[in-house]
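For reference, the structure discussed in these notes is given below.
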Amino acid sequence: MIFRALAILTLAGAALAVKTCQNQTVSVTIAAVNALFDTSLVPHSDIEVTGFIQRWTRHGSNLTNDGLTGYANVSGAYNISTQYCKDSSANPETVQILTHGIGFDRSYWDLSFNNFNYSYVNAAINAGFATLSFDRLGTGASQIGTDPLNEIQAYLEIQVLRALTTKLRNGTFPGVTHTFSSIVHVGHSFGSIQTYTFAARYPNETQGIVLTGFSMDGSYVGYFGSGGDFEAAGGDHPAGYLSTANAGAIQYQFLLPPFFDAAILDFLQAGAKPVTIGELLTLGASPPTNAFTGPVLVFTGSGDLPFCGGDCLLTGDASPSIPDKVRLAFTNIQPANFQAYIQPSTGHGLTAHFNATAGYQVILEWLQTHGLGSSPARIRKRWLSRI
Ligand SMILES: *[C@@H]1O[C@H](CO)[C@@H](O)[C@H](O)[C@H]1NC(C)=O
Ligand SMILES: *[C@@H]1O[C@H](CO)[C@@H](O)[C@H](O)[C@H]1NC(C)=O
Ligand SMILES: *[C@@H]1O[C@H](CO)[C@@H](O)[C@H](O)[C@H]1NC(C)=O
Ligand SMILES: *[C@@H]1O[C@H](CO)[C@@H](O)[C@H](O)[C@H]1NC(C)=O
Ligand SMILES: *[C@@H]1O[C@H](CO)[C@@H](O)[C@H](O)[C@H]1NC(C)=O
Ligand SMILES: *[C@@H]1O[C@H](CO)[C@@H](O)[C@H](O)[C@H]1NC(C)=O
Ligand SMILES: *[C@@H]1O[C@H](CO)[C@@H](O)[C@H](O)[C@H]1NC(C)=O
Ligand SMILES: *[C@@H]1O[C@H](CO)[C@@H](O)[C@H](O)[C@H]1NC(C)=O
């Protein structure tokens, strides 16, 4: 009897999960104190878009401060486009909430390129997690908003992340009856900034965070602005939504040659998403210190542009990497709960590089060794205890 059960387990261990996903639009009712900026910042032509970027990236100036006129309460019900995935036969104990960065939508975590060969979602569900990815407010199929300056900002978006988290925790997420007591938050870039800030403000509402494409060094964000070749997004987007004008800009911001497939660059360009000027002006909204004490993994590509200036190992001091300095922000954390990992041969857009899936294993195993998710060993133990 025992032998037969083990044989089945071995087979199950080798088999890939059967991915089952629910796509749905979820309404969240949220409120935040947003920054209020001077409306003369809204660019109404491509010359004004470039002018905005020139002011935003000028050394020695701080456009966030120069344009700030006060703060205001913003609230409302917003439609958020979500995707919840798991292995069809699993009841995962941990869900990962995935927050994408600028230029993408939730498909960043589940690129369909080469038959989903680069999918982080696939790797996570194979490792026994559930995932919730969502288009950030203002992006993709989520509500675009009406005011790209004073509405669609980091502050309000963090409340979206919080509302989705609460729904998964208290069993009110549509179509997901499970009440998750174990929730991990994984971000990329601007999504990592939001994840970091969420953990700082609501430390008991997350069991662990993974900050990919991230550091606390703001010195290089201007490269991202200048190299983005931004223009007005056009289409249904009001003035103040910007998008990258060409594939070269996307390569400069996100990809490290020669470690990506030329065809994935065209794929990314075809799916590129706009950013709001309110988001750009609130990128620096995260607090300098963070009282969260749970597990924190910083996971950044060696050649990351916006957070490392293209070389994460060039620190100019004794610290091993620029992302490693994030540990200084977590003032109460035990050493075993913090790691900064530099993924080799990779730029800022981690999921689009050749070696992406090897990096996913580092993240997933790190979570499991920190008690998050069902490690194969723990699943086996549970089975054996039932026999
Ligand atoms: C820029 O100004 C904002 C608003 O006053 C402030 O919060 C932020 O810390 C400033 N950034 C820098 C790099 O000084
Ligand atoms: C936001 O609303 C709260 C509660 O209603 C109020 O105390 C606070 O002053 C408001 N903040 C701003 C910036 O208007
Ligand atoms: C949000 O979604 C609901 C239901 O699909 C729809 O009726 C409503 O118009 C949407 N709201 C906005 C502002 O798009
Ligand atoms: C769900 O959304 C993803 C894009 O994020 C898409 O690839 C997939 O086809 C959608 N699935 C369904 C059943 O609509
Ligand atoms: C999928 O990725 C692996 C490496 O992770 C590679 O060996 C394989 O050729 C890729 N397959 C496709 C269809 O791209
Ligand atoms: C879940 O949380 C939301 C937001 O705090 C709250 O409105 C709702 O009543 C809660 N539902 C349950 C079943 O706890
Ligand atoms: C977090 O702590 C606050 C204040 O103690 C409490 O009201 C809230 O229920 C806690 N939330 C969770 C998810 O434990
Ligand atoms: C691929 O990524 C893994 C995990 O970080 C790393 O151990 C390995 O050295 C990488 N391979 C290459 C060729 O960069």
Side-chain angles (χ1 to χ4, degrees), residues 17-38 68-88 95-101 103-125 130-137 139-143 147 149-151 153-156 158-181 183 186 188 191 198 201-202 204-206 264 267-268 270-273 278 282 285 351-352:
V18 178
K19 182 186 196 178
T20 122
C21 298
Q22 285 170 252
N23 290 3
Q24 52 192 339
T25 298
V26 174
S27 173
V28 295
T29 302
I30 52 176
V33 179
N34 265 9
L36 208 52
F37 295 110
D38 189 325
L68 190 67
T69 60
Y71 292 89
N73 285 311
V74 175
S75 62
Y78 291 94
N79 285 340
I80 302 298
S81 172
T82 70
Q83 181 171 41
Y84 175 82
C85 299
K86 68 180 195 69
D87 174 10
S88 61
V95 60
Q96 298 188 20
I97 304 187
L98 313 174
T99 307
H100 68 82
F104 293 89
D105 61 14
R106 63 183 152 80
S107 68
Y108 170 82
W109 304 105
D110 195 24
L111 297 177
S112 61
F113 186 77
N114 274 11
N115 195 25
F116 295 92
N117 204 28
Y118 292 74
S119 169
Y120 178 80
V121 169
N122 285 3
I125 67 173
T131 60
L132 177 73
S133 54
F134 64 102
D135 292 351
R136 282 190 292 94
L137 182 61
T139 307
S142 287
Q143 208 162 308
D147 183 347
L149 179 65
N150 288 325
E151 181 188 26
Q153 297 182 355
Y155 303 106
L156 189 60
I158 289 164
Q159 298 306 320
V160 174
L161 179 58
R162 186 179 191 210
L164 294 173
T165 302
T166 300
K167 286 176 187 294
L168 284 170
R169 201 179 286 288
N170 78 6
T172 52
F173 193 92
V176 180
T177 48
H178 191 65
T179 52
F180 283 98
S181 56
I183 304 184
V186 183
H188 171 239
F198 172 75
R201 288 190 62 185
Y202 311 109
N204 68 344
E205 297 182 25
T206 180
I264 210 169
F267 175 89
L268 295 184
K273 295 291 180 289
T282 56
T351 63

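First listed ligand is number 1; within each ligand, the first listed atom is number 1.
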Tabulating one pair per line, provide the atom names and distances (0.1 Å) for every N/O atom of ligand 2 that is less than 3.5 Å from a protein N/O atom.
residue: ligand 2; atom: 2 (O); partner: N73; partner atom: OD1; Å: 3.4
residue: ligand 2; atom: 2 (O); partner: N73; partner atom: ND2; Å: 2.3
residue: ligand 2; atom: 11 (N); partner: N73; partner atom: ND2; Å: 3.2
residue: ligand 2; atom: 14 (O); partner: N73; partner atom: ND2; Å: 3.4

Exercise for the section: Could you label the plane-to-plane angle of the H188 and W109 rings as parallel, tilted or perpendicular, counting under 30° as parallel and over 60° as perpendicular? Expected result: perpendicular
Practice task
Please state whether the rings of F198 and Y202 are parallel, tilted or perpendicular, taking 30° and 60° as the class boundaries.
Solution key: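 Plane angle between 30° and 60°, so tilted.
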Completion exercise
When T172, L164, V160 are each screened for side-chain contact (heavy atoms from CB on, under 4.5 Å) with V26, the one that passes is L164
Exercise for the section: For ligand 4, find out whether one of its N or O atoms is nearer than 3.5 Å to an N or O atom of S107. Expected result: no
Problem - Partner set under salt bridge (charged side-chain N to carboxylate O under 4.0 Å, His left out) for R136, not counting sequence neighbours - result: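 Salt bridge (charged side-chain N to carboxylate O under 4.0 Å, His left out) check on R136 returns E157, E279.
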Practice task
In sequence, state the C-alpha distance, the side-chain angles, and the governing distance for Y78 and Q159, and then conclude on side chain to side chain contact (heavy atoms under 4.5 Å, CB included).
Solution key: CA-CA 11 Å; Y78 291 94; Q159 298 306 320; over 6 Å; no
Exercise for the section: Run the numbers on Q22 and V176 for side chain to side chain contact (heavy atoms under 4.5 Å, CB included), then give the verdict. Expected result: CA-CA 9 Å; Q22 285 170 252; V176 180; 4.1 Å; yes
Handout entry: Test of proximity, T166 against ligand 6: N or O pairs below 3.5 Å
Key = no
Handout entry: Stepwise side chain to side chain contact (heavy atoms under 4.5 Å, CB included) test for L137 and I80
Key = CA-CA 7 Å; L137 182 61; I80 302 298; 4.1 Å; yes
